[in-house]
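Notes follow the structure.
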Amino acid sequence: ENDPTAISAHWAAESTFNYFEQYQNCSSFDDNNAKILSWVHYGNQYNNAQWNGLWMLYGDGDPLLYNPFVSLDIVAHEITHAYTQHSANLVYAYEAGALNESFSDIFGVVVDYYTTGNLNWEIGEQVNVNGQGFRSMSNPKQYHSPTTYGGEYWVDPIDCFAWSMSDYCGVHVNSGIQNYWFYLLVNGGTITNDNGDVYSLDGIGIDRAAQIAYQMLQYLPANASYMDAKSASTVIAQNLWGTVSSEYAAVRTAWCAVGVGTCDNQTIALTTPGAQANEQYQGGQIKTINWLGQINAPTVALTYSIDNGLSWQYINPAAPNTGTYNWLLPNVNTNNAIVRVQSTQNEGLIATSVHPFQITGCGTTAYFKISDTPSSVIPDICQFENLAFTNTSTGATNYEWYINEQLVSSTTNFSYTFSNTLNTNWQTVTLVAHYNNDCTDQFTRYIYVNPQPNAQFSYINNDANQVQFYAAQNQLNMQYSW
């Protein structure tokens with residue numbers, strides 16, 4: 001009763017619980033009324049607060065520098081980590097970690113606004129005795145966070161070792177990208193980003209912006225990138241208000257303003273599978289993948305994941321951009337299957353299943369390896385090169401090997417010399433595995449075959465009585481040695 005720090009922490013936790021329950025229809029962080037436990041006076045002058053995966057820890061801070069870390073925005077920020085853990089479960093490193101931190105900043109501001117009526121874009125200014133915040137969502141550069149993807153203050157996560165001394169590759173810094181996106185989405189404005197691009201948009205207000213942000217946590221995979229965040233938010237805006245709405249336009253333009261993707265009026269959205277929660281399918285069946293949008297490319301790359309985006313396998317790296325593709329579902333058991341469609345001419349134009357779906361396998365799994373090439377990598381070989389395929393299928397009694405849908409072998413293992421090339425240079429290798437004709441599965445790998453160069457040359461005598469030689473083939477990326 002006589003502990004102001006404990007009272008502040010409890011009030012802020014209650015305010016956070018009330019916001020998510022009242023406005024997002026989520027009863028505590030597990031949506032099952034879990035207790036929010038708060039440990040105040042943690043440590044000795046501990047200058048921080050944190051969610052440790054089970055409960056909250058709040059330090060009193062060095063009294064010369066900080067007040068106790070129990071302000072409303074900080075408490076809401078840390079408790080949002082619990083909501084994130086029980087929804088998207090974003091990995092706390094790299095871009096996924098930056099998104100993790102950003103969602104906590106977003107709902108720190110949102111809960112503060114819905115509780116007090118004060119829309120304050122500073123994070124933690126009540127804790128710092130000098131009144132300065134730790135981060136600013138309206139002006140991230142004030143505290144050395146980026147406002148443009150890859151721009152000033154951006155921490156490059158490539159080749160970065162994720163540990164505490166690297167801030168897990170800049171999670172508290174790179175969060176500025178989505179923070180600024182959210183600020184622009186709420187307020188609108190005209191800005192020039194670090195790339196020199198100028199964008200103008202009308203804000204949609206904090207109510208609808210927060211609705212989008214919360215639903216993003218239900219859609220994003222654990223290792224989400226900023227492109228995944230853009231894809232998820234645009235699909236959400238499309239589902240809620242349609243592609244011709246001001247909300248949809250604002251979401252896309254705000255991402256472009258912070259340097260994530262382009263705004264060239266190309267759009268993409270995956271409609272099936274995964275449009276609804278808890279979809280269930282049987283392995284070995286045909287499921288139609290449908291997508292829509294304005295995609296200025298003849299082909300799209302289709303991939304799938306059985307672990308909610310942690311790893312991806314090709315369905316077809318260059319499927320015709322017809323808006324539909326028949327996919328033979330793999331014989332696997334998973335509750336976390338998702339599909340992704342991506343323009344082959346604009347890698348930033350990408351869409352992912354809204355919800356993970358279930359696949360139930362029948363016990364036979366077809367799979368093979370190509371030397372040491374990972375399944376996510378397409379082998380790039382020369383014509384007439386021979387590849388060996390090692391069969392690692394399970395639960396099968398007999399096999400069929402197909403090259404470009406033509407049966408070529410019924411052996412267990414297989415090797416093949418790619419003497420022919422297609423118009424697109426793509427070759428498909430498919431293994432069909434059977435178990436007594438009761439259960440069938442198939443697995444396909446794509447091979448890119450470069451045509452065999454033809455070493456020929458011609459020559460002429462020039463006016464200086466010199467001989468000049470010319471290669472008969474003059475193709476892009478061709479290299480010569482004389």
Side-chain angles (χ1 to χ4, degrees), residues 16 19-20 24 29 49-51 73-113 119-124 133-157 162 167-187 193 206 209-234 236 251 254-261:
T16 304
Y19 165 77
F20 281 105
Q24 303 301 345
F29 53 80
Q50 64 171 294
W51 161 255
D73 58 347
I74 285 183
V75 170
H77 170 107
E78 299 301 340
I79 294 177
T80 298
H81 281 306
Y83 283 84
T84 298
Q85 176 183 320
H86 286 265
S87 52
N89 196 24
L90 293 166
V91 174
Y92 198 74
Y94 310 111
E95 290 189 25
L99 289 168
N100 194 324
E101 277 297 321
S102 175
F103 282 115
S104 284
D105 281 352
I106 286 171
F107 286 106
V109 167
V110 169
V111 171
D112 195 345
Y113 168 74
L119 185 52
N120 176 18
W121 296 103
E122 294 279 309
I123 306 296
F134 299 113
R135 288 178 297 280
S136 169
M137 296 181 67
S138 61
N139 182 19
K141 288 187 177 183
Q142 178 182 351
Y143 300 105
H144 300 98
S145 286
T147 59
T148 304
Y149 185 91
E152 186 180 16
Y153 302 124
W154 171 258
V155 176
D156 189 354
D167 187 30
Y168 299 95
C169 300
V171 298
H172 288 93
V173 177
N174 291 346
S175 57
I177 297 299
Q178 185 173 255
N179 283 358
Y180 197 46
W181 166 80
F182 186 81
Y183 169 80
L184 292 173
L185 187 62
V186 172
N187 295 284
N193 65 23
I206 197 166
Q211 184 179 6
I212 293 170
Y214 178 77
Q215 289 196 26
M216 289 170 69
L217 286 173
Q218 319 310 312
Y219 297 164
L220 288 174
N223 65 338
S225 65
Y226 270 114
M227 285 306 307
D228 290 323
K230 179 183 180 181
S231 174
S233 58
T234 52
I236 291 166
V251 167
W255 280 120
C256 295
V258 297
V260 179

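Side chains included, hydrogens not; waters and symmetry mates left out as well; all remaining heavy atoms used. Please read all numbers here as calculations on a predicted model, not as lab measurements.
Every residue two or more places apart in sequence or in another chain that forms a side-chain contact (heavy atoms from CB on, under 4.5 Å) with A209 is listed here: F182, L185, V186, I204. In this structure, the side-chain contact (heavy atoms from CB on, under 4.5 Å) partners of N89, at least two apart in sequence or on a different chain, are Q85. Considering only residues two or more places apart in sequence or on other chains, Y153 meets the ring pair (Phe, Tyr, Trp, His ring centres under 6.0 Å) condition with H144. Listed by chain and residue number, S145, P146, V155, D167 satisfy the side-chain contact (heavy atoms from CB on, under 4.5 Å) test with V173 (two or more places apart in sequence, or in another chain). In this view, S225 and E95, M227, D228 satisfy the side-chain contact (heavy atoms from CB on, under 4.5 Å) rule, not counting sequence neighbours. Remark: F20 pairs with Y83, F107 by the ring pair (Phe, Tyr, Trp, His ring centres under 6.0 Å) rule, at least two apart or across chains.
Checked against a 6.0 Å centroid threshold, the rings of W181 and Y226 do not count as neighbours.
Closest of all the heavy-atom pairs between A213 and I106 is CB-CG2, 4.2 Å. Shown here for L184 and A257, the closest heavy-atom pair between the two residues is CD1-CB, 3.9 Å. Y180 approaches S138 most closely through the heavy-atom pair CE1-O, 3.4 Å. The shortest non-hydrogen separation linking M216 to A229 is CE-O, 3.5 Å. Between G108 and A76, the shortest heavy-atom distance links the atoms CA-CB, 3.8 Å. Nearest heavy atoms, V251 versus S233: CG1-OG, 3.4 Å.
For the pair W255/Q178, a side-chain contact is recorded, criterion being any heavy-atom separation below 4.5 Å from C-beta on. Looking only at side-chain heavy atoms (C-beta outward), V258 and Y149 stay at 4.5 Å or farther from each other. The shortest side-chain heavy-atom distance between V109 and I123 falls under the 4.5 Å cut-off. Using a 4.5 Å heavy-atom threshold, the side chains of N187 and W121 count as touching. Counting heavy atoms from C-beta outward, D73 and E122 have side chains that stay 4.5 Å or more apart. Side-chain atoms of F103 and L90, non-hydrogen and from C-beta on, do get closer than 4.5 Å to each other.
The OH atom of Y219 sits 12.0 Å away from the OG atom of S87 when rounded to the nearest 0.5 Å. The CD atom of Q211 sits 13.0 Å away from the CD1 atom of I206 when rounded to the nearest 0.5 Å. Taking CG of D105 as the reference point, atom CG of N100 lies at 10.5 Å (rounded to 0.5 Å). Summarising the geometry, atom CD1 belonging to I177 is positioned 10.0 Å from atom CG belonging to L99; distances are rounded to the nearest 0.5 Å. Here the CG atom belonging to N179 is positioned 12.0 Å from the CG atom belonging to N139, to the nearest 0.5 angstrom.
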Query - Residue pair S102, M137: steps toward the side-chain contact (heavy atoms from CB on, under 4.5 Å) verdict - result: CA-CA 9 Å; S102 175; M137 296 181 67; 5.7 Å; no
Query raised in the report: Would I74 and F134 satisfy side-chain contact (heavy atoms from CB on, under 4.5 Å), going step by step from the backbone distance to the final call?
Result: CA-CA 10 Å; I74 285 183; F134 299 113; 4.1 Å; yes
Query - W154 and T148: CA distance, side-chain angles, deciding distance, side-chain contact (heavy atoms from CB on, under 4.5 Å) verdict - result: CA-CA 8 Å; W154 171 258; T148 304; over 6 Å; no
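Side-chain atoms of Y143 come within 3.5 Å of backbone atoms of G133 as a donor-acceptor pair (strictly under, hydrogens ignored). Panel note: side chain Q218, backbone Y214; a donor-acceptor pair is recorded below 3.5 Å.
The aromatic rings of H81 and H77 lie perpendicular to each other, with more than 60° between the two planes, well past the 30° mark.
Crowding of Y113 atom OH: a count of heavy atoms from other residues, nucleotides or ligands under 6.0 Å not exceeding 12.
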